[in-house]
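Report on the following structure.
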Number of protein chains: 2
Amino acid sequence: MDGSTPISFMPSCPAVPAGAPIACDRCPTRAASLCRLLDRRDLERLFPHGPRVQLCRAGTMLFRQGEPVQSVFILKSGWIATYKLFENGQRQIIRFALPGDLLGFEGSEAAGMTCSAEAITDVALCRIRHSLFFRVCTASPQLAMSYAGTLTREVLSAWNHLGAVGQQPALGRVANLLLDLHRRVTALEALPDSAPHGVHDGIRDGIMDDIAVPAVHLPISQIHIADATGLTSVHVCRTLKQMRAMDLLDFQKGRLVLLDPDRLAEIAQLDPDRPVGALPPPAPWAVA
Amino acid sequence: MDGSTPISFMPSCPAVPAGAPIACDRCPTRAASLCRLLDRRDLERLFPHGPRVQLCRAGTMLFRQGEPVQSVFILKSGWIATYKLFENGQRQIIRFALPGDLLGFEGSEAAGMTCSAEAITDVALCRIRHSLFFRVCTASPQLAMSYAGTLTREVLSAWNHLGAVGQQPALGRVANLLLDLHRRVTALEALPDSAPHGVHDGIRDGIMDDIAVPAVHLPISQIHIADATGLTSVHVCRTLKQMRAMDLLDFQKGRLVLLDPDRLAEIAQLDPDRPVGALPPPAPWAVA
DNA sequence: CGAAGCCTTGATAGCGGTCAATGTTTGTGG
DNA sequence: CCACAAACATTGACCGCTATCAAGGCTTCG
């Protein structure tokens, strides 16, 4: 591969013009511990010609259920949904990937990819061939354990999701999902050099609280919520209406405002905080 | 720690009398790739005084939701269920751990354990302190990647489970679960030196098939199935009855017979095969 | 301005939950 | 060996949460 050759593996994915390569310590978001742990040697092995970023438009399929395993992706900006399709035409959204998250490990040699991935917004991501990624991981225990940490967080998240979908009524499921997304978006925005993905308005509401209630932007529709929670969009609409009436939260046009976080947390029964960026200590070079 | 000191971290867990320590390459089951990859040096670090096995009675809690993270367990024999409890008293079984499976990574420093684990049958397991486990993994990239492989399989399993619970009706959920367990038990029994955990009867049924239909033993109740699938035990009972009437499968008193695997697979829409023991190439010493 | 996609709302129906009673199995102690 | 209790399985009656169907409104975009 030549450093000046633009990568283009999908028609609707215009490659970034191969100019100044975007180094990973200039990563717009550092949510993924991977980003924190990749040292220069790792980087050189992963990106022999400098890391490059691909851009994809909203709606692009990054991979499809059943395809052979090929690449892992580090999401740099934008949102991606992974989901399973069923024969009756329904789909289950498995997870929402946010900037810093890792994708492409949702398969095995034997079975191929078990999910499809679709860009919800325009996205930018780094693509790494599986073979290369695993070779580098195998050579760097720190990186391997960082990868393991990422996987662990995905498992915990999946189990939380499973608990909500399996045992909670509509109200709890929606609360669980929105609270989780809110937490993640907020954590992203708190990162030092993050691009402003969310809208902070500092709205004050009727609640007798001395702190402003911030609104965050979630680029998802009620249909996404429905497919993620195992409900129908019609019922999600009714549930959101109910939550508004209960002064729990307000979600309209992608604007989420938590009106009563405490009561919401009780309803959602979300796992306690999993700090997004705090788990592994940052590598020495990343501290500077 | 002295090699002759029996480990006893739970009242109802009689420690194995410290006799000949059970080496990991004598592992009764080798489902976990971890077991395959642990080389002698790893073993010595993990078990400075020789690996030992603890026995626990059915019903023992191995860890509880909210507890601080302490130990990792490699299950040697028996079944364990991990689950989340909700405030309304319901529980969601997250997964069934079978011999060879790894437990104890279901938490983080920040949040503690996010699940509880209870022995369904009498079990035997190796306990490893977290700090030690991660130290050894960090020192051995192969082991770290093996750990990552285990985590990946857990993620894929969780996502499959999530898809079933989120989008499939009762029939599909039960089919999905039983098919998955059947596959795993069968894979275990196929291992060279596995203890006979299942009952092979080679029953021939009305189906015009030239191979006998084997029955496997699943040590779970309809209540377990209900808690895992997000149904009630009453409805699981009805669903099993229906499946019997449809000549799909027969599950009674822990005896599972698949009568029509093809139709079942279609109903379950389970992910394609994830070979349990086949993923990582066995370490050289394990081949002998 | 028309089309497409999403949101909203109402009416109706069904899957699966709840409640309750009974049967079956297993284990324990007399 | 029997009595009894506990846990699980089974069945029926009834109900509620959520799906389905359908129609109309709102935005966005070409």
Side-chain angles (χ1 to χ4, degrees), chain A residues 57-59 81 86 88-93 118 120-122 164-178 217-246 249-256 267, chain B residues 57-59 79 81 86 88-93 118-122 164-178 217-246 249-256 267:
Chain A
R57 318 233 70 159
F86 293 88
N88 49 7
Q90 302 189 115
R91 76 169 180 173
Q92 173 68 46
I93 290 186
E118 183 180 329
I120 296 179
T121 66
D122 293 351
V165 171
Q167 299 297 338
Q168 296 187 18
L171 199 71
R173 295 191 211 179
V174 174
N176 190 292
L177 175 65
L178 292 182
H217 176 67
L218 311 182
I220 58 175
S221 68
Q222 292 183 5
I223 298 176
H224 287 118
I225 298 178
D227 288 345
T229 54
L231 303 167
T232 58
S233 66
V234 173
H235 202 248
V236 166
C237 179
R238 293 189 174 110
T239 304
L240 288 174
K241 186 182 174 187
Q242 183 191 352
M243 296 176 107
R244 223 173 293 129
M246 293 171 72
L249 57 78
D250 186 33
F251 180 71
Q252 269 170 334
K253 303 178 205 298
R255 254 178 78 91
L256 172 64
I267 292 172
Chain B
R57 316 233 73 161
W79 286 41
F86 293 88
N88 49 7
Q90 301 190 116
R91 75 169 181 175
Q92 173 68 46
I93 289 186
E118 182 180 329
I120 296 179
T121 66
D122 292 352
V165 171
Q167 300 296 340
Q168 296 187 19
L171 200 72
R173 296 191 210 179
V174 173
N176 189 292
L177 176 65
L178 291 182
H217 176 69
L218 311 181
I220 59 174
S221 67
Q222 293 184 3
I223 297 176
H224 287 118
I225 298 178
D227 288 345
T229 54
L231 303 167
T232 58
S233 66
V234 174
H235 203 249
V236 166
C237 180
R238 292 186 176 115
T239 305
L240 288 174
K241 187 182 174 186
Q242 183 190 352
M243 296 176 109
R244 224 173 291 131
M246 293 170 73
L249 58 77
D250 186 33
F251 180 71
Q252 269 169 334
K253 302 179 208 296
R255 253 178 78 91
L256 173 64
I267 293 172

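Quick note on labels: first sequence line is chain A, next is B, and so on, each numbered from 1.
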Protein-nucleotide distance (A:H235, atom NE2; C:dT12, atom P), rounded to Å: 18 Å
Gap between atoms CG and P, on B:L171 and C:dG16 respectively (whole Å): 9 Å
Close side-chain approach of B:L171 to B:M243, heavy-atom, < 4.5 Å: yes
Side chains of A:L249 and A:V174 in contact at under 4.5 Å (non-hydrogen atoms): no
Heavy-atom check, side chain of A:L218 versus side chain of A:L178, under 4.5 Å: yes
Donor-acceptor pair (no angle test) under 3.5 Å: B:R173 side chain, C:dG16 base: no
Heavy-atom side-chain proximity of B:F251 to B:V236 below 4.5 angstrom: no
Note, A:I225 side chain near A:I93 side chain (heavy atom, < 4.5 Å): no
Closest to the B:C237 side chain, choosing from D:dA19, D:dA9, C:dT18: D:dA9
Rounded interatomic separation in angstrom, taking CG from B:L240 and P from D:dA9: 9 Å
Gap between atoms CZ and P, on A:R238 and D:dA22 respectively (whole Å): 15 Å
Those residues of residues 222-233 of chain A lying under 4.0 Å from DNA chain C by at least one heavy atom: A:Q222, A:I223
Separation of atom CD1 in A:I120 from atom C1' in C:dC6, rounded to whole Å: 15 Å
Residue pair B:R173 / B:T239, side-chain heavy-atom distance below 4.5 Å: no
B:S221 side chain, from C-beta outward: closest of D:dA9, C:dT25, D:dT18: D:dA9
Candidates D:dC21, C:dG16, D:dT11 - which lies nearest the side chain of A:V234: D:dC21
A:Q242 CD to C:dG10 C1', straight-line distance once rounded to whole Å: 17 Å
Interatomic distance where CZ belongs to B:F251 and P belongs to D:dC8 [whole Å]: 13 Å
Side-chain N or O of B:K241 closer than 4.0 Å to phosphate OP1/OP2 of D:dT10: no
Rounded distance in Å - CD (B:Q167) to C1' (D:dT20): 15 Å
Nearest atoms (heavy-atom pairs only) where A:A58 meets A:D122: N-OD1, 2.7 Å
